[in-house]
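First comes the structure, then the notes that go with it.
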Protein chains: 2
Amino acid sequence: MDLIFKALADATRREMLDRLLEQPGLTLGELIAGTEMRRQSASKHVQILEAAGLVTTEWQGREKKHFLNPVPIQEISRRWVDKYSEARTEAILNLKQSLETDSSTQKRTKS
Amino acid sequence: MDLIFKALADATRREMLDRLLEQPGLTLGELIAGTEMRRQSASKHVQILEAAGLVTTEWQGREKKHFLNPVPIQEISRRWVDKYSEARTEAILNLKQSLETDSSTQKRTKS
DNA sequence: TCTATAGGCAGCCTAATAACTGCATATAAA
DNA sequence: TTTATATGCAGTTATTAGGCTGCCTATAGA
């Protein structure tokens, strides 16, 4: 799971996933088209995405086609995000409680 | 959005969120109880979580209570994860396609 | 066969992270 | 009022991350 979160932490990599969502099968060269990035940098990003299972690849001759694999994202969503959804109601209750609490507890103007 | 992904990229911070999910209102001292981490390190993590909107705080006297805010996680899920869910069917089709493609395209044994 | 193209791998450099120490401030309790 | 506790802020250091250059291999096409 850590690999997935780490992979998603970088905006460049999220953009790559977006592009692969729109256009499955892009090659490395196509992925960097229109960007300032060097091929080698993009290659490292792809490695990280592959290690996280977010991208699969397929060689066709000398070209390497890249495909998005949405499954890990969905697993994170199902196994991790969902438990926080259940907390929503409780969180709102907490908030209400704080608001109802005497506002004199809000000292320490510093920070 | 970047702040949220960055905040979630660190396992220590995800553990903090887990603890705040289970026990809302923990203080900084309570948060580091049982860990090897120094208070100052935890404080920085909390700052990052606060900046991402994942944690809200409330002063009570000299104590600072911490609360999980699950909303940003849900927004990410709704606005970002969901679009990848729609890709699932298509991704499976892509996979099928690759499998059906002549396997002789799988050269380059290296790497 | 020769040349151009697609990509991998290694190494280097810089910036961002995450941990720590030391010191300061605010509140609580004796 | 004095002391202990809860936290903040600044600065240092080590590790990680992301980008680049240089060079190598493999395939495609003339």
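Chain identifiers are assigned alphabetically (A, B, ...) following the order of the sequence lines, protein sequences preceding nucleic acid strands; residue numbering begins at 1 within each chain.
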Do NZ/NE/NH1/NH2 and the carboxylate oxygens of A/E50 and A/K64 come within less than 4.0 Å? yes
Basic-acidic side-chain contact under 4.0 Å: A/R14, A/D10: no
Distance in angstrom units between [X] [atom1] and [N] [atom2], rounded:
X     : N      : atom1 : atom2 : answer
B/E63 : D/dT5  : CD    : P     : 13 Å
B/I48 : D/dC9  : CD1   : P     : 14 Å
B/M37 : D/dT7  : CE    : C1'   : 15 Å
B/E58 : D/dA6  : CD    : P     : 18 Å
A/L49 : D/dA17 : CG    : P     : 14 Å
A/R13 : D/dG19 : CZ    : C1'   : 12 Å
A/R38 : D/dC23 : CZ    : C1'   : 16 Å
B/E15 : C/dA18 : CD    : C1'   : 14 Å

[X] side-chain N/O to [N] phosphate OP1/OP2 under 4.0 Å:
X     : N      : answer
A/R39 : C/dA6  : no
A/H45 : D/dA17 : no
B/S43 : D/dG8  : yes

Please determine whether any donor N or O and acceptor N or O are separated by less than 3.5 Å between the side chain of [X] and the base of [N].
X     : N      : result
A/Q47 : C/dG8  : no
A/Q40 : C/dG11 : no
B/R62 : D/dT5  : yes
B/K44 : D/dG11 : yes

Of the listed nucleotides [options], the one nearest the side chain of [X]:
X     : options               : result
A/K6  : D/dT21, D/dA17, D/dG8 : D/dA17
B/S41 : C/dA6, D/dT7, C/dC20  : C/dC20
B/W59 : D/dG18, C/dG7, D/dG8  : D/dG8
A/D10 : C/dG7, D/dG18, C/dA18 : D/dG18

Nearest atoms (heavy-atom pairs only) where A/L28 meets A/H66: N-CE1, 3.7 Å
What's the shortest heavy-atom distance between A/I32 and A/T35, and which atoms? O-OG1, 2.7 Å
Please determine, by modelled atom types, if B/D18 and A/Y84 share a side-chain donor-acceptor pair under 3.5 angstrom. yes
Would you classify B/E30 as touching base, sugar-phosphate or nothing, given that sugar-phosphate means primed atoms plus P, OP1 and OP2, and contacts are heavy atoms under 4.0 Å? nothing
